[in-house]
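Structure record follows, encoded as structure tokens.
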Amino acid sequence: MLHVPVTGSSESAAGEGFLSVRGLNKRYGDFIAVDNLDLDLPKGELVAFLGPSGCGKTTSLRMIAGLVPATSGRIVVGGRDLTTVEPYRRDMGLVFQSYALFPHMSIAENVAFGLKMRKVGRAETEQRVREAISMVRLTGKESHRPAQLSGGQQQRVALARALVIRPSILLLDEPLSNLDAKLRDEMRNEIRDIQQRLGITAIFVTHDQAEALTMCDKVAVMNAGRLEQLGTPVELYEKPQSPFVASFIGRTNRFAAVAKNGAAELAGLSIPTPAGMTGKVEVMIRPHRITLSAPADGAPCHAVEGVVTRSIFAGDILQYEVVAHGATFLVEQGTAAHERPLEQGSPVRLHWLMSDTYVFGAAA
Amino acid sequence: MEDRPISLTLRIVAGIMLLFLLAPVLIVVPISFSADTYMAFPPSGWSVKWYVAIFQDPKMINAFWVSLALAVLTTVLSLAIGLPAAYVLVRLRPRGSEAMASFFTAPLLLPSIVLGLALLVVFATFGLLGTFQGFLAAHLVITLPYAVRVLSTALSTLPRAVEEAATTLGAPPLSVFFRVTLPMMRNAIVATSALAFLVSFDEVVLSLFMSGPRISTLPVEMYHHVENEADPMVAAISVLLIVLTFAVVVVVDRTAGLSRTFVK
Amino acid sequence: MTAIAPTLEAAPARRVKIPLAVILLIPITLINLIGFVAPVINLLSFSFREVQATGAMTGGSSIASWVAIVTDPFYIELLVNSILTSLLIVVLTLVCSFPIALLLHRTTGFARTVLLFVVITPLLTSAVVRTYGWIALLLDGGVINSLLSLAGLPTLKLIFNSTGVVIGLTEILMPYMILSLLAGFRRLDPRVEEAALTLGANPFQTFWRIIVPLTLPGVALGSLLCFVLAVSSFITPKLLGGGRVFLLATEIYDQAMVTLNWPLASTLAIMILIVFGGALFLYLRALRAIA
């Protein structure tokens, strides 16, 4: 009764995702934690909520789970409106940053808890608990207490506990941030594998862009309570729709400029701007898309003369700071054998593709 | 924090003061084993006759049973009343929670002689003096503040996420409380019980005001006994009470922690 | 995210369910109203009740109790005596407790647990037991005087006078003072002491110029607490004073339980509360001066 089957649920209406969030708002007094969030997530995808601290990503997740009441808005999963449904009837699996295991229960009891609440029969409970524990490779630890396990093992128990109830959606709230770097990589792959194997829809809250880009199908970038952009990692990187996304995902050169008559001036160049854009704009170029030689295929590009003012050898890449017509560019080059870094004061010519140049209207 | 050598002067001075602090507690031990009929030091001989004497004194035995029943009931009620209150103050947090918390712990600020007199005057009009219910009400007034304080502190340090995890796994609020919150508060509940039991069992000022000819508690009987004569029987009872107290301190140390409970 | 995120996101307040909260708070509120608020208010009104020479109340009202307290030299002396004795006890308690608290503050691990046991076990031991211990120590034929005569020294009159009361109460209040000081010592950073020592201050200068000023808030709190407890305690003064030491608290008990003049007892109890108000006022002033 509580259990929304993962498969076989009615196909949602066209244009709507499996999870559909409409106009979700959360206010604490004057503070707007989440501002008018609209979101459609297709079934079976792993989607990251990515953003800096306090951007509203965790609050959004907690509203979807029902732990925080929304000020306004609607949450629909698989065609079922959950907006006013109590959190304990939402059938979502939530994995907490702090694991939040029940310290007074064994691992098996922890995993079985959700099934007990659903009054699943004993034989079935035992089998599903066994499967869940083996899925996270903890067979043999059933009778241990959480305190006897390492951080990584505890997080795997939390994962098994959330998945054993076959939730409609798996929610992960910064599940890796309490783990050390090596374990984090391991768990990242493990979570992704399990999610794909089960074909479950999952939301993964993180402030770590590498985590979001490498393991998720889609990334929702949030800032100051607003959804900045929802897209695949490639889309976010190649087609950022806002200066925040462009600068938050990957490194970037940012220049302030003024748009006039369809162009903005940067380092003596005239950068074409989108139609109708006037006034202050921001021009962004990724450091590793700048080359020191013209593209061989003759693709349309910008080029400017400059002088190396700083040269840093960082093993896999060379970083140059180049000043050209008063503008400072960060340039990154992959290193190759027998290549000598340019020295400070060397004259260089910078090239980058027109299509690698992003122009944004200045933030209001 | 790095350990700094503690100066010899401080060790010696503090040692003397500690001896002073422990003197009255320690001295009752040899006296309780005295063979004399009056208090003398050193005793002329050793015996356990004063321990035997306790059990032959019907007044003391009756008072002991009253104190025990009173302490047990006070403890149970302190938990039953204090736990919901702590839950409201820490978890539900209605408006004015802070003010309410101060209100519930306010009886501790009132000196027991003033509270005792105030209760005497009111209870006299309701015929509660010299009754078990009168004792119970008076003891609850002073054990509840302890209960609320220890339980609130414990509840506020429990990670919310664990309860939320239970919620997302399908547990309704009452199930969350009984299956997750309560078991996680086990230590605090044990510590609260130990403290409430001891405060009630040791309470003398309020009990003096509440006691009547038919009913009285062990500390009250001891007080009256000492008022009249200082024979070693009270020393024997004292040793038993000190052992009980020590046991309670051990329990609190093992559960809630001494520093967290007593050093704010 | 924990470090910078607004606490709002980390711990959102749950929707308040007023009815449930109200239901859960009913029992404790009732106990507090019946066993605390009503009796205290009643006490106030009782101090204005008229009373006959026999102690029976007439039902009329009168300010006789209040007049007696502010005019009768016995009560004025009682008040002054109580305050002065309590102040003396506070000073002695502070002097005796400070070294223990400092030792506790600097001790860690198992030794600290042992010390806490030594401080807290007496705190939780019944006042009757500890007072009885002092009787055994201070009696004319008690431990101290027996030891004195064994050493061929003259015996001392240590009990059934103010001396006994002061000694007993000082010891009984020490745990409260120690714990208050310890709470105040949290401000004491060992590096500050070390800095003072490296700057050329000798240990005594360090103590007086660094440790003492930094611990004053704890001292003030402990002193307030012990003063309040000293003024209102009566088990120890009663038993160690042997009926010869008259203090506010013992007089309240006698008026309430022996003379049965409840209006006068109530008036004296309110007097104690007024003294507390004064102490609290001074404490807050002192705290502001220190901070």
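Convention: sequence-line order gives letters A, B, ...; per-chain numbering from 1. All values reported here derive from a predicted model rather than from experimental measurement.
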Toward chain A, the part of P159(B) with a non-hydrogen atom under 4.5 Å: neither
Any M135(A) side-chain heavy atom under 4.5 Å of R197(A) side chain: yes
Positions in residues 98-107 of chain A that reach chain B, provided some heavy atom is under 4.5 Å away: S98(A), A100(A), L101(A), F102(A), P103(A), H104(A), M105(A)
Contact list for residues 103-112 of chain B, test side-chain hydrogen bond (donor to acceptor under 3.5 Å, both in side chains), sequence neighbours left out: none
Toward chain A, the part of T168(B) with a non-hydrogen atom under 4.5 Å: both
Whether T125(A) side chain and V120(A) backbone form a donor-acceptor pair below 3.5 Å: yes
T143(B) versus T74(B), side-chain donor and acceptor atoms under 3.5 Å: no
K26(A) side chain to T71(A) backbone, donor-acceptor under 3.5 Å: no
Test side chain to side chain donor-acceptor pair (under 3.5 Å) applied to Q148(A) and R145(A), step by step: CA-CA 5 Å; Q148(A) 294 170 285; R145(A) 291 283 160 132; 5.9 Å; no
Backbone of N178(A) reached by a side-chain donor or acceptor of Q155(A) within 3.5 Å: no
Proximal component of R179(B), with respect to chain A [non-hydrogen, under 4.5 Å]: both
